[in-house]
4 protein chains.
Amino acid sequence: MHQMHIRRVAIVGASGYSGVELTRLLARHEGVSLTHVFSDTWQGQTTNETLGIEGAVAGLRYQSLSEAMEASGCDFVFLATPVSASLDLVPKLLAGPARVVDLSGAFRFKNASDFKRGYQIDHPHVGLLEHAVYGLTELCRSALRSAQLIANPGCYPTAATLLLAPLFASQLLTLDGVIVNAASGTSGAGRTGDSALSFSEVTGDFRAYKVLQHQHTPEVEQTLAQCAGSPVPVTFTAHLLPVARGILATAYARVRTGVNEKQLFDALQEAYAGSPFVKVLPSPNAVGLKRVVGTNQCHVSVALQTQGLDASRLVAVASIDNLLKGAAGQAVQNFNVANGWPESLALTGGETKGSLT
Amino acid sequence: MHQMHIRRVAIVGASGYSGVELTRLLARHEGVSLTHVFSDTWQGQTTNETLGIEGAVAGLRYQSLSEAMEASGCDFVFLATPVSASLDLVPKLLAGPARVVDLSGAFRFKNASDFKRGYQIDHPHVGLLEHAVYGLTELCRSALRSAQLIANPGCYPTAATLLLAPLFASQLLTLDGVIVNAASGTSGAGRTGDSALSFSEVTGDFRAYKVLQHQHTPEVEQTLAQCAGSPVPVTFTAHLLPVARGILATAYARVRTGVNEKQLFDALQEAYAGSPFVKVLPSPNAVGLKRVVGTNQCHVSVALQTQGLDASRLVAVASIDNLLKGAAGQAVQNFNVANGWPESLALTGGETKGSLT
Amino acid sequence: MHQMHIRRVAIVGASGYSGVELTRLLARHEGVSLTHVFSDTWQGQTTNETLGIEGAVAGLRYQSLSEAMEASGCDFVFLATPVSASLDLVPKLLAGPARVVDLSGAFRFKNASDFKRGYQIDHPHVGLLEHAVYGLTELCRSALRSAQLIANPGCYPTAATLLLAPLFASQLLTLDGVIVNAASGTSGAGRTGDSALSFSEVTGDFRAYKVLQHQHTPEVEQTLAQCAGSPVPVTFTAHLLPVARGILATAYARVRTGVNEKQLFDALQEAYAGSPFVKVLPSPNAVGLKRVVGTNQCHVSVALQTQGLDASRLVAVASIDNLLKGAAGQAVQNFNVANGWPESLALTGGETKGSLT
Amino acid sequence: MHQMHIRRVAIVGASGYSGVELTRLLARHEGVSLTHVFSDTWQGQTTNETLGIEGAVAGLRYQSLSEAMEASGCDFVFLATPVSASLDLVPKLLAGPARVVDLSGAFRFKNASDFKRGYQIDHPHVGLLEHAVYGLTELCRSALRSAQLIANPGCYPTAATLLLAPLFASQLLTLDGVIVNAASGTSGAGRTGDSALSFSEVTGDFRAYKVLQHQHTPEVEQTLAQCAGSPVPVTFTAHLLPVARGILATAYARVRTGVNEKQLFDALQEAYAGSPFVKVLPSPNAVGLKRVVGTNQCHVSVALQTQGLDASRLVAVASIDNLLKGAAGQAVQNFNVANGWPESLALTGGETKGSLT
């Protein structure tokens, strides 16, 4: 790539699962000079010691989070931090020249009331919400070019919204409510010491959690409403899967009178014709975790019930790797677009590793 | 138990996963003399050699399926056979004195058209359908007493119907369609040589299968319609979980105007007040596989959305062990009731093993 | 069982995995009145709330560990506590009439130096070591009858010692060192918040830990030396398996000149002829976790290399459920023998659940 | 890479797990033109349809194995076939100009008697054995340059031999026998319909298989004897792990008098100083599957017992991905060396995907 300006980049919260993936992706990114990684857990160690990173940044040492404002000299700062830390850091960083990609839920909402519904606290920087670009890449490429603050979407909302947005945007679905029944691997909960997430507890189990109270519900509703031009009620249920990585979202909605299955596929195909990371598969039965885990891809498909008692009901399925397209991968994809680069930079090569068997 | 008539019992299809569970349960049942086990796979071996069974039937040898009519001299015959074998054997067995518990889908439907919808063949013995008792124990105890043919329910329908039947019977739900999003462990597919069910393929994966085409859809619709007194459209999606045993069903419906969450719980509590194997838990978040796997229990719970864009939507969750309450355990429960015995005979003692950690 | 004196029993440390299994086993034990369960984690809750226990002790509430001396009024106290808590409680409890079964490593050694080698602290109650009975049931039944303090063996030593003790006792093996390569499920590490034991980290992984530094090495050496009448060097390596429960130990040793494979099997068969829980299988290939998990059984087998470069080398394999035969099950087995009762009381019925598929 | 001659390459047996990995690796290899893929299972489909391959070979269609001799026009043919197919194809292919990399066990032995010991048949092409280069890359780079037939090592032998070869070559170990206790993920058994390898059977289990009868024993003995200059008896036990991919080998041997742990590490470090894929880790506790799965790396480490009853015993541990360094990855590594290219071509970039969490 000729005349590519190398960006100076920092990662705050580099030892969590998303932070680790960011480090791996950015360490091998041809347009990146990774200058700082911040993590209290790994403070003082090098990326080679923690992750086996080789090459130019093998010797880069983790710094304390308390030193995170050193990142203000960078061109880009990635925050893989909890909401509270992002709420604190983002305004300070935006006071300088750095552009920020925040992977937390701190700046994803346009309305402070939705934030409060999801996170149970009053938003301390309401004025920043309108300036943040909600970084579901496939829906916001042009806005990303000049974004100073990119709010990287949640993992479940990424899968659910990529699946449903084109169908609502094409006015193919009724507005009387969509159901998203989704399941995630345990890495979605982060690197945690919660004994409920221990191997002994999770293996052999499957259960719903936060039923009717998950913070990702308003996030999905916000984007689908933008696409549909009207409010779209979402009932979202998260389940914990005994796998390390991956999200499968199974969605249910009704089509408007006269809509057929081909129109559904056409809407998806057209929406993602120029998108390297979204693949429309011919049947929901073909959408699974294995082909997407380890990649930045999202697989989607749909089927329409055309006979029986409930014709007009559709079943749509999407799958992603929650740490890549659902977090760090999409963050890098947004970063690429924000720089005017091809959006797959540093994000390909690994696809062939998606299915581990 | 005084004056219990010991029943002579045979199992046909004894080496499949359901057949194995039947053998274990009936071998220790105080009211049973297990006289025949039929399996081509294990022909000539003893139950001690295959399953480590000890005691009276340790030396019982498996016979070829071609000898299955020897079972006609028994009081009860359990068929853990494919639909085709059950269609063949049931009429022959019913010509004699034996009562039959069929674990296949061969005789579960009242209408031959529903059978054809689920299994794509014409039913060869339509006359028998009306005489078969659909053995979802908690809903059919009185009919079981005199039943000559008990059609044991499917695994998914057991979970979904126990969860929803009381809510429809109490007229708490609207009739515009219920969604059942369910996931099963791999043992539900039987002891199979299908490489798609190999450990290499299943571990780390999660996917839907037979989307909009699963044979259990009409089975759930049949029973819910009986409860509701009107047709209930069901959209059912099965998923394959990377666990060996267990089904979790997450259901979505709408309550009728004015119905509140307490009424939903009351309906469930009242329906199962005298049922030793169905437990109503206070939150859907508490319903998981681990507490029910290894037991004949079904756990159910429900939550009602009361605010937001889609108030009136309920989320209900049920879990069972697909091989016990979803197959062999319920078959023994039905057998107990059919004999006028306590329905938990030979089915307790194991509960404390449900959670393996 | 006529004229059985019901024992008043307490469990200290009742919320750990071993404590939970003890609670389940003792709650259904016909000779036990469970009067106290102590756990800070579950203080104030009932056994029904935490474990779904039904019947007489469903309402028994957990008390704080600080109240554990209330257990001194019981006939038996089971300690499922860390070494430090056992070191504190055992002398106090033994001052009263209660007999104690300690599941920790606090009193397993005859020599304080072995304790120090394994646990890196000086033993504070050396005088008690000689009075403790090392409770590997099959090797110490007569001593258990009058034991005041039963030191329940470690999980790995139970598997390794049951496998090798008869071979050393029969003088069939050389004394130049035995290798025990063992692997355990994650429940062996207890109910822990260690993120290294989270599902995300453990699934898909396998590794050795505490290489050459595991505290169970001197424990195995102590018992094998007693059997052999001479010191037996043991090289023991523990590995962490991605399963919840179960231990498989693969051992390597050399036979003395002229010893053949039949003699090895004969020694095992004779040693365990009257032991209901140890089964000698015809081939090491048949020894696995599934058949023993959920039971108090130990499966053992052996094979002797008779040709090639290294004839005289044997490979022996044993499997147990680490929480049952490796902890709580063996504790109850010891308790049964200590009371002069059949050693399988409350420990059978579950075998048929061993293999979950 | 300037002036690289593009090689025309074919893969026979392209739908097995090793064949799939070969296809992925070679499809993105800058020095390869993949011209033929042979598989009866996938005959007629394209690599895009089966594996999602994109780019130049997305449209390449699988041909029947009966057409495999069309590969004779290629520069290189990779055989990911069973022993019987390789025995048939190799002589025919070598009659032409193509160089062959055979992933089966057909040509790994120098002595036909070792082949017969491992595979129970007489070798039909004994004359070819001496010309085959045993392709454990790190030990045979110079021979690979002119090799017409490269016998790619077995998965277990790769891990065990890389771990032990430098220690024997440096004369640090005694010759009285080494024990290799190893465990493999299920993909090592291939894409199989064996119900014993179904998810239902394998999850939660762990067991040894082919005890004292595994065909990889003579393969390890052959190479270690070459390194040591004397016969080295090997006792090897394989175990089946409930993971999809990865091998961990734990080896036990004795050091010669006076040898210390530093000498062991020095021997490993020196042996692999110029090897990009073998990493010597500071402790056996650090060697696990997760860091190597998805990569071509081999991690090794060692610890020496210096006190206690059995000083001089060492414990050494190695881990690899059985399908990459243990099969397809090493095959490509050998191909690179055979062409005089950097040995990591097409094999890097993926390392950072090794640990999936």
Side-chain angles (χ1 to χ4, degrees), chain A residues 13 15-21 39-42 50-52 80 82 155 183-207 209 238-247 289-290 293-294 321-324 326-328 353-357, chain C residues 13-21 39-42 50-52 80 155 183-207 209 238-247 289-290 293-294 321-324 326-328 353-357:
Chain A
S15 60
Y17 288 138
S18 294
V20 164
E21 294 298 326
S39 158
D40 287 348
T41 308
W42 287 347
T50 58
L51 302 177
C155 50
S184 173
T186 52
S187 62
R191 192 189 298 275
T192 172
D194 182 353
S195 68
L197 293 167
S198 69
F199 186 90
S200 301
E201 296 297 319
V202 172
T203 188
D205 203 9
F206 184 60
R207 60 177 64 238
Y209 62 96
H239 298 72
L240 183 67
L241 271 177
V243 306
R245 287 170 79 142
I247 282 178
L289 301 188
K290 282 210 146 180
V293 165
D321 183 322
N322 56 301
L323 296 181
L324 291 174
K353 307 274 293 303
S355 171
L356 276 181
T357 50
Chain C
S15 60
Y17 288 138
S18 294
V20 164
E21 293 298 324
S39 158
D40 287 347
T41 307
W42 288 348
T50 57
L51 302 178
C155 51
S184 173
T186 53
S187 62
R191 193 189 299 276
T192 171
D194 182 353
S195 69
L197 292 167
S198 69
F199 186 89
S200 301
E201 296 297 319
V202 172
T203 190
D205 203 9
F206 184 60
R207 61 177 64 237
Y209 62 96
H239 298 72
L240 184 67
L241 271 176
V243 306
R245 286 168 81 141
I247 283 177
L289 300 189
K290 282 210 144 178
V293 165
D321 183 323
N322 57 301
L323 296 181
L324 291 174
K353 307 273 292 305
S355 171
L356 277 182
T357 48

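Naming: A, B, ... by sequence-line order, numbering from 1 per chain. Computed from a predicted model, the values in this text were never measured in an experiment.
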Under 3.5 Å, is there a donor-acceptor pair linking the side chains of A/S187 and C/S200? no
When only pairs under 4.5 Å are counted, which of C/A189, C/A196, C/P242 shares the most heavy-atom pairs with chain A? C/P242
Nearest-0.5 Å distance, CZ of residue A/F199 to CG of residue C/D194: 14.5 Å
Taking side chain as everything from C-beta outward and backbone as N, CA, C, O, which of these in A/T203 sits under 4.5 Å from a heavy atom of chain C? Side chain, backbone, both or neither. both
Rounded to the nearest 0.5 Å, what separation is found between the OG atom of A/S195 and the CG atom of C/L197? 11.0 Å
